[in-house]
Structure formats: C-alpha cells, structure tokens
Number of protein chains: 2
Amino acid sequence: MTAAAHTFQEAELLIADAVGEVIEHWGFRKPLGRVWTVLYLAGDALPAATLSERLSMSTGAVSMTLTELQEWAVVRRVWRPGERREFFLAETDLWKMISKVVSERERFWVRSVRERMEQACVLLRTLPTEEGKGALARARVLLSFAQLAENVIERFLTSRRADFTGFGVLEKTARTAATERR
Amino acid sequence: MTAAAHTFQEAELLIADAVGEVIEHWGFRKPLGRVWTVLYLAGDALPAATLSERLSMSTGAVSMTLTELQEWAVVRRVWRPGERREFFLAETDLWKMISKVVSERERFWVRSVRERMEQACVLLRTLPTEEGKGALARARVLLSFAQLAENVIERFLTSRRADFTGFGVLEKTARTAATERR
DNA sequence: TAGTTCTTTCAAAGAGTTCTGAAAGTACAG
DNA sequence: CTGTACTTTCAGAACTCTTTGAAAGAACTA
C-alpha cells in the first residue's frame, strides 16, 4: 500500500469512528455510522468487501448494516455493468437524512411520551388530596416540556432546519472551510 | 391502600416510566429518570425505602441511583430532625438540570468529535489524488456540521435557553412553576 | 460499649445487545 | 444444468450493561 493510501485510510477511520459515535449517541448502532461514512467519503459506490476490509467487519455484519442503512434510505444499491458483485452508494443530503429519522422515529416517540403524561394528568385531576394537587401542578410542568419538544420537532420538519439559521456555520464554512490550520 | 393512593401511584408510575425513557434516550440509565420523577412529583423529600417500594427496585439499585443523581446535583440529601434515616429531595429547575448536563457532558463530547474531524481534514489535505481531494471536500461538510453542533451548544449555554423562544409552550405554562430565572 | 437501624458496596447473576462465520440462498456465465 | 461468485441469514458466542442481595460500614441511641 502506498503512503498516500495509508494516510487516506487513517483519516477515513478517524472520521468513521467519530460519526459512529455520533450515530450511536442518537440511538443507532455504531457500525451504521461507520459504514455510511466510508461510502460517503468515497464519493462513489463501493462493494461490500471493501467495507469489510477497511472497517474490519465480518461479511455478515456488513451485510446486516447495509440492509439497515437501505431501510433508512441513507444508502442505496447500484449495479455496475460488467460487475457481478453489487455496489453501495451513500446518500449525501445530510438534512434529508436527519429529517427522515426525526420524522419517522423521534416524532412518534415524543408523541407517546406526551400522551402518557396527559393521561397521568387526567388521573391526577381526580384526586382531592393536597398531595394530588401538588403532583398535578408538577406533572403539568413536565407535560409542557413534552409539548415543547413536540413543537420543536414539528417546526423543524416544516421549516426543514428549525431555527438554526443564525447559528449559520454551515452557510459560511461548508463552502470555504478555512478551518483546519495546523 | 385507598383508591386515591392507588390512582396516585398509577399516575406516578406512568410519568416515571415516560421520564425514564426520555432520560435513557439521552444516554443515562432509566432508573435515574424514574427515581428523580417520584421525588419530583412528591414535591417533598422521601426516604430511600419509599422509592424502592414504589418503583420495585432493590435497595442496592436505589442507593446507586441516588448517588448518581446527587453527582449530577439533581437530587439532594436532606436531614429530618428526629428521623434516623435520610431523605432525598429533587431539584426542580429543569433548565438548570439540562444546562448542567449539556455543559458537563455534551460539550466535551462534541468538541472531541469536531477535533477528530479537523485532524482528519489535515491529513486529507496532504493528498494529491483526485480521491483525496473529493474526500477532503466531503469531510469538510461533516466538520461544518460538528461546528454547527458546537455552536448551538455554546449559544444554548450562554443564552440559557437557546432559540427556543418562539416555540413558547413554556412561556405560558411552565415558567411560573418550574423556572425561576437567574 | 453494644445494639439497632439504615446505607453503601460489590461480586456474581441476569438481561440484553452485537458480532461471527458457516451454511443456505441467489444470480449469472458458460 | 453446473460451477462460480457473491449475498443473506441466523444460531450461537462474545460482550456489555444492569440489577440483586448479602455483607460491611456508618451513624445514632441507650
């Protein structure tokens, strides 16, 4: 292997593992982030064997991971004329990917939390005791937090990027990237 | 047990489990959320035995959970004159709690992700190949996302509540009860 | 001091999750 | 149809995380 190829794979692994952590923090398995990252950085479709090699994963693990990534529409399968094996290509629109997960997973989850809190408030309202009244007041605070979260998600999904405009690193940096100085 | 007490505990468990899930989603153990919730809803200090009873947890689990909650300054220990056992009281300022976690945990974590991405970009800059240049461009996109996240966190911590003003369920309902401003 | 009551600790059990790799499945070429 | 190349599946292994409960510890009382 050339020195350049070695450097490339070092950087690749560094980013793959970082993304793996992020994605794990978000409730997915680490390998999903790692595999997606390798495909994303490649900028081109790659066969499963390459992924297995570069990330030291078994064929089984790669296969399962690619299946899951395709279910989330974050990777897609492509055919190469003349090639027998299949290639995999990463989705590149990050906002689209994030929206999809928020919309298909977070949304229902937060709603269920909010609903259970409402249900609990209904129960607490029937209580005449001092303890019951106090608990109701506090339960309502928690409920309002759940509602806040639901609102934020709803707005995010309609506005496509919530109110992150103004935090705007993206607008500037994504193009020029004057960031890594060392 | 009276009917009212039964209703109370049903509601309590409903909320405790919902909060447990939320907190688990946020990377903590479920029992932390459950125990905190019981204390919070009680609005008063409670002995460990009560928690163990109401949440069906072993004494050991309750003790460990309370220790962790105290480390996060989300519960504190209270001494009652004439009582031999100790009582535990929930912190009620939700924003304060959230800020603390973001500040002491998320902040460093996101920074480490961003740093690794910068490091990877530095490596990729040295590559003359087409593959290397393309990967660098894409790595910079990921880096800018990490920077965005870091910015959001930073702003959240300085503004105490990010730009959630305008999503404002909280202004109506919660402010009076939960959040006394600083 | 000894006795009582409550709390903490931690080794081991238990539960849950993820990965491996061999075998089965699929698809294509000759 | 048969052989080859590749992919998927899934039972079991390996691993991680959590909880239990008994014993040690601590704090107070008499």
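So you know, we letter chains A, B, ... as the sequences are listed, proteins then strands, and number each from 1.
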So A/P31, base contact, sugar-phosphate only, or nothing? Heavy-atom distance under 4.0 Å.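 Sugar-phosphate only.
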Heavy atoms from C-beta onward define the side chain here; which of [options] lies closest to that of [X]?
| X | options | result |
| --- | --- | --- |
| B/T59 | D/dA22, D/dC10, C/dC10 | D/dA22 |
| A/E86 | D/dT19, C/dT20, D/dT7 | D/dT7 |
| B/M64 | D/dT8, C/dT9, C/dG21 | C/dT9 |

Given atom [atom1] of [X] and atom [atom2] of [N], what is their separation to the nearest angstrom?
| X | N | atom1 | atom2 | result |
| --- | --- | --- | --- | --- |
| B/R29 | D/dT16 | CZ | C1' | 14 Å |
| A/R80 | C/dA27 | CZ | P | 21 Å |
| A/R84 | C/dC28 | CZ | P | 9 Å |
| A/M57 | C/dT18 | CE | C1' | 10 Å |
| A/E71 | D/dT8 | CD | P | 12 Å |
| B/L66 | C/dT9 | CG | C1' | 15 Å |
| A/W79 | C/dT26 | CH2 | P | 16 Å |
| A/R34 | C/dT18 | CZ | P | 14 Å |

Do B/V35 and B/Y40 pass the side chain to side chain contact (heavy atoms under 4.5 Å, CB included) test, and can you show the C-alpha distance, the side-chain angles, and the key distance before you say yes or no? CA-CA 9 Å; B/V35 165; B/Y40 177 72; over 6 Å; no
For the pair B/R114 (side chain) and B/A146 (backbone), establish whether a donor and an acceptor sit closer than 3.5 Å, ignoring hydrogens and angles.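 Not at all, since once roles are kept as given, no pair shorter than 3.5 Å links the two residues.
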Judged by nearest nucleotide, the residue sitting upstream toward the 5' end of DNA chain C, B/P47 or A/T65, is B/P47
N/O (side chain, A/R77) to phosphate O (OP1/OP2, D/dC6) under 4.0 Å: no
Could you check whether A/R105 makes a cation-pi contact with A/F28, meaning its NZ or CZ is under 6.0 Å from the centre of the six-membered ring and within 45° of the ring axis? yes
Just say parallel, tilted or perpendicular for the rings of A/W109 and B/H25, cut-offs at 30° and 60°. parallel
Indicate, with yes or no, if A/V75 and A/W79 share a hydrophobic cluster defined by side-chain heavy-atom contacts under 4.5 Å among Ile, Leu, Val, Met, Phe, Trp and Tyr. no
